[in-house]
Amino acid sequence: MSYKVKDICNFMEEWAPEKLAADWDNVGLQTGDPVQEVNAVLTCLSVTPEALEEAKDMGANMIVAHHPLIFRPIKTLREDYPHARLCAEILRNRIACFVAHTNLDITEGGVNDILATKLGLTKIKPLFRDDSQRQFKLITFVPKDHVDRLRDALALAGAGVIGDYSHCSFQSEGMGSFQPLEAAKPFSGEKGQLNLEPEIRLEMIVPAATSAKILQALMNHHPYEEPAYDLIALENPNRRIGLGRQGILEEPMSLAVFGKKVRDALCLPHLVYYGQGEKKVRKVALLGGSGGKMVGKLPENTDVYVSGDVGYHDAETAQLRDIACIDAGHWGTEQPVVMEMKERLQEAFPQITVSAFLETAPGIRL
Ligand SMILES: [Zn+2]
């Protein structure tokens, strides 16, 4: 069994859909040919010259990375510039480079879920709601004989997904009424006369991101010339998707003890914490990668925030709000996803070798 670059891309897309990525981000296949056969895959956090050497050594012609290889537009491929030289070397070696970045942060089972699990959190849920993940309730009224066809068409367009279930809907019977006007071409009834029609009230949940496509499916598959429908904004967000995670520790513990737990869970030589070591912590918020700027938006009841790239003034802001901070580093909080990518890809594509490029923690402790 052979696999193509696009097969790996499709697998990653299922896990971390591109539409979840921030609009400033650059994700997906960044180099290579979608129909090229894959020999072996290397997963890594960033595509560095060292990661590229490792890929070449193991004969991998595909790299799956978290950080974009190409983020800002490239204006030149002059090889006396280090990043351009790296890109040129990747092209010369015909290596396909796929990136899942903010989409992998936000998605279920991504960077932040992995981090929350490693830190032993329970009752894990998104820290910040992603408004692009808002949902609507679609309610429409359809003659009984047409309800199955319409429900299937709406489901195919993305309506009615709740967790691991598709085609979720509710149906109730009732009586609709309409009086066709002069220019109407009614499904049933006579012009100028009130028509009563037995109908099913069909309700389904609709993600905001695909609502236009779902409404188009409604128009295409509803038998009426003018389908009646309600599209109502819901307050219940998608429960598994969003930026960062929050959760609670089974047992409260001191900040100092929790700090050590974080350090050991992430296999770090050291980390920095801000706050009183004896402060009891239980409610934890976290954001893998660069999360210092989000401290002002943390929920009120947070005891401790775990992230990376927490600046001096970020920590000050948190402490004013009585929230302790643990800066486990950008690398430290994101590195666990590299092994998760390797394991998921290896399981899905058992016939090819998938390796993880696991660097040691950057920086030297003096
Ligand atoms: Zn990062």
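Each ligand, and each atom within it, is numbered from 1 in the order the structure gives. Worth saying up front: this structure is predicted, and the values here are computed from it rather than measured.
- The same ILVMFWY cluster, assembled from side-chain heavy atoms under 4.5 Å apart, contains both Leu115 and Val304.
- For Tyr273 and Phe258, the gap between ring centers reaches or exceeds 6.0 Å.
- Excluding waters, the set of protein N, O or S atoms lying under 2.8 Å from the Zn ion (ligand 1) comprises His67 NE2, His330 NE2, Glu334 OE1, Glu334 OE2.
- The only member of Tyr224, Phe141, Phe187 that meets ring-ring contact (aromatic ring centres under 6.0 Å, His included) when paired with His146 is Phe187.
- A salt bridge links Asp148 to Arg151: one of the charged nitrogens lies within less than 4.0 Å of a carboxylate oxygen.
- Side-chain atoms of Glu225 come within 3.5 Å of backbone atoms of Lys185 as a donor-acceptor pair (strictly under, hydrogens ignored).
- Under the 4.5 Å side-chain heavy-atom criterion for Ile, Leu, Val, Met, Phe, Trp and Tyr, Ile70 and Leu86 are members of the same hydrophobic cluster.
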